[in-house]
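Everything on this sheet refers to the single structure shown next.
Hydrogens, waters and symmetry mates are skipped; everything else that's a heavy atom, side chains included, is used.
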Amino acid sequence: MSKIKSKIISVFNKLVRKTSWYKSLWGGAEKIYKLNTFGLQVVNTGSGSGMHNFNYEGIPIKGFNFALGPQSLVHDFNILKNYFSYFQKNCTVLIPICPFSGLVVKYNKEHNFKYYPMLHPATISNFDESERTKAYQLYRSPFSVIPKECVIKTTREFMRKFLSIVKRNLEKIVIRKTVPKNLQKSADDLIKGWKAQFSITELSAPISSSHMSEIKSRKETLCEMLDFCTERGFKPVVVMPPMHSSLYNQIPEAFKLQYIKPLVDAVINKGYAFIDYSRDNRFMSDSYYASALFLNDLGAKYFTKQLLTDLNLI
């Protein structure tokens with residue numbers, strides 16, 4: 001009887017793991033949980049833009065994308081501390097920064113949840129042993145922990161997918177139609193969201209003392225990351241990824257000087273490499289973007305290949 005029960009649980013777990021609601025619990029971190037490739041030659045950290053803008057498929061070297069969105073430089077650093085043993089000597093570590101990488105974001109316990117299966121407790125902010133136990137149990141066997149929720153949410157999701165397929169067939173859609181991206185709206189929404197998130201009325205306004213303090217802290221973290229890499233024989237490179245002109249053109253020079261330049265100066269003053277692709281004409285085509293800040297698959301593959309070419313890695 002116990003074997004039959006185990007088999008049933010195993011089948012349900014496989015179904016649950018395929019659902020988007022279950023995958024959302026881990027925020028894309030499952031790729032890191034499953035990492036079993038050693039001798040990585042190039043890796044990247046990063047938040048949402050890092051997650052979307054780097055794609056090593058089809059490139060003749062071992063690469064891995066450690067970026068998760070959203071994610072701070074502190075989280076990036078903690079991932080490096082836990083996974084650098086997978087890197088080969090002279091591995092290139094790409095550290096992307098974005099317009100607000102210098103500011104501090106306070107994450108709730110739900111955000112921290114995905115880090116429990118992959119980071120040492122000492123490197124998890126506001127570590128909670130009960131949350132860690134829950135995370136491990138949910139990752140190993142979700143159906144054993146929350147069977148009712150698994151049945152309800154998984155059934156709903158499969159029904160939605162089924163009805164979606166039926167609807168497409170009824171409408172006799174032979175050629176997949178795509179809705180044109182409104183990159184300008186995407187850029188406007190990003191600017192509006194950033195202003196609200198960081199309590200900034202105008203991007204060109206003088207920086208507040210609290211934001212100056214946050215940037216100072218993030219500069220220290222970034223410099224520690226760079227030194228950590230070189231001390232272990234790796235080659236760190238800080239990168240500002242491409243962004244669509246509809247977004248870049250809304251970021252005033254005063255903002256760049258106050259919020260971005262301090263990080264860049266810290267990198268350059270320590271003798272490390274910094275490459276700015278934010279307004280590189282090679283990546284301005286609309287066809288490369290999923291949003292004003294994130295590249296699509298086509299853009300990510302093109303950007304990654306070009307970046308590694310610029311670094312003489314391929």
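- The aromatic rings of Tyr288 and Tyr302 sit tilted, their planes meeting at an angle between 30° and 60°.
- Between Tyr107 and His111, the ring planes lie parallel to each other; the angle is under 30°, not in the 30° to 60° tilted range.
- The hydrophobic cluster containing Trp21 does not contain Ile152, counting ILVMFWY residues as joined when their side-chain heavy atoms lie under 4.5 angstrom apart, directly or transitively.
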### Task
Using the side chain to side chain contact (heavy atoms under 4.5 Å, CB included) rule, take Glu149 and Phe143 through it: C-alpha gap first, then chi angles, then the decisive distance, then the call.
CA-CA 8 Å; Glu149 189 173 351; Phe143 190 74; over 6 Å; no
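- Ring orientation note: the planes of Phe255 and Tyr259 are close to parallel, at an angle under 30° on the 30°/60° scale.
- Residues Tyr248 and Trp194 fall within the same hydrophobic cluster, defined by Ile, Leu, Val, Met, Phe, Trp and Tyr side chains chained together at heavy-atom separations under 4.5 Å.
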Report, one line per pair, each donor and acceptor closer than 3.5 Å where one atom sits in a side chain of residues 195-205; sequence neighbours left out.
none

Can you give each donor-acceptor pair under 3.5 Å made by side-chain atoms of residues 87-105, sequence neighbours left out, with the distance rounded to 0.1 Å?
unit_1, atom_1, unit_2, atom_2, d
Ser101, OG, Cys98, N, 2.7
Ser101, OG, Cys98, O, 3.3

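- Both Phe283 and Leu298 are part of a single hydrophobic cluster, where members link through side-chain heavy atoms under 4.5 Å apart.
- Leu40 and Val42 fall into different hydrophobic clusters, where Ile, Leu, Val, Met, Phe, Trp and Tyr are joined by side-chain heavy atoms under 4.5 Å apart, directly or via other members.
- Classification of Lys23 and Glu30 as a salt-bridged pair fails, no side-chain N sitting under 4.0 Å from a carboxylate O.
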Return all side-chain donor-acceptor pairs below 3.5 angstrom for residues 131-142, not counting sequence neighbours, or 'none' if the list is empty.
unit_1, atom_1, unit_2, atom_2, d
Thr133, OG1, Glu129, O, 3.1
Ser141, OG, Asn13, ND2, 3.0
Ser141, OG, Ser144, OG, 2.6

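- Between Tyr86 and Phe84, the distance from one ring center to the other does not fall under 6.0 angstrom.
- Side-chain atoms of Asp227 and Tyr272 include a donor-acceptor pair closer than 3.5 Å.
- Within 6.0 Å of atom NZ in Lys161, more than 12 heavy atoms from other residues, nucleotides or ligands are found, so the atom counts as buried in its surroundings.
- No more than 12 heavy atoms of other residues, nucleotides or ligands shown are found within 6.0 angstrom of NZ on Lys18.
- The side-chain heavy atoms of Ser49 and Phe294, taken from C-beta on, include a pair separated by under 4.5 Å.
- Annotation: Phe54 is in aromatic contact with Phe303 [ring centroid separation under 6.0 Å].
- Other residues, nucleotides and ligands place more than 12 heavy atoms under 6.0 Å from the CG atom of Asn269.
- Here Asp189 pairs with Lys185 in a salt bridge; the nearest charged N to carboxylate O distance falls below 4.0 Å.
- Scanning all heavy atoms of the two residues, the minimum distance from Arg282 to Gln306 falls at NH1-NE2, 3.0 Å.
- More than 12 heavy atoms of other shown residues, nucleotides or ligands fall within 6.0 angstrom of atom OH in Tyr277.
- Seen from the ring of Phe228, Arg232 counts as a face-on cation partner, given the 6.0 Å and 45° thresholds.
- Counting heavy-atom neighbours within 6.0 Å of Lys81 NZ, excluding the residue itself, gives a total above 12.
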### Query
Taking it one step at a time, do Glu214 and Arg218 satisfy salt bridge (Lys or Arg N to Asp or Glu O under 4.0 Å)?
CA-CA 6 Å; Glu214 291 175 6; Arg218 286 294 184 252; over 6 Å; no
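- By the neighbour-count criterion of 12 heavy atoms within 6.0 Å, atom CZ of Phe162 is sparsely surrounded, having that number or fewer from other residues, nucleotides or ligands.
- Contact annotation: the side chain of Leu15 never approaches that of Tyr22 to less than 4.5 Å [non-hydrogen atoms, C-beta and beyond].
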### Query
Can you check side chain to side chain contact (heavy atoms under 4.5 Å, CB included) on His75 and Leu68, steps first, answer last?
CA-CA 9 Å; His75 290 98; Leu68 300 173; over 6 Å; no
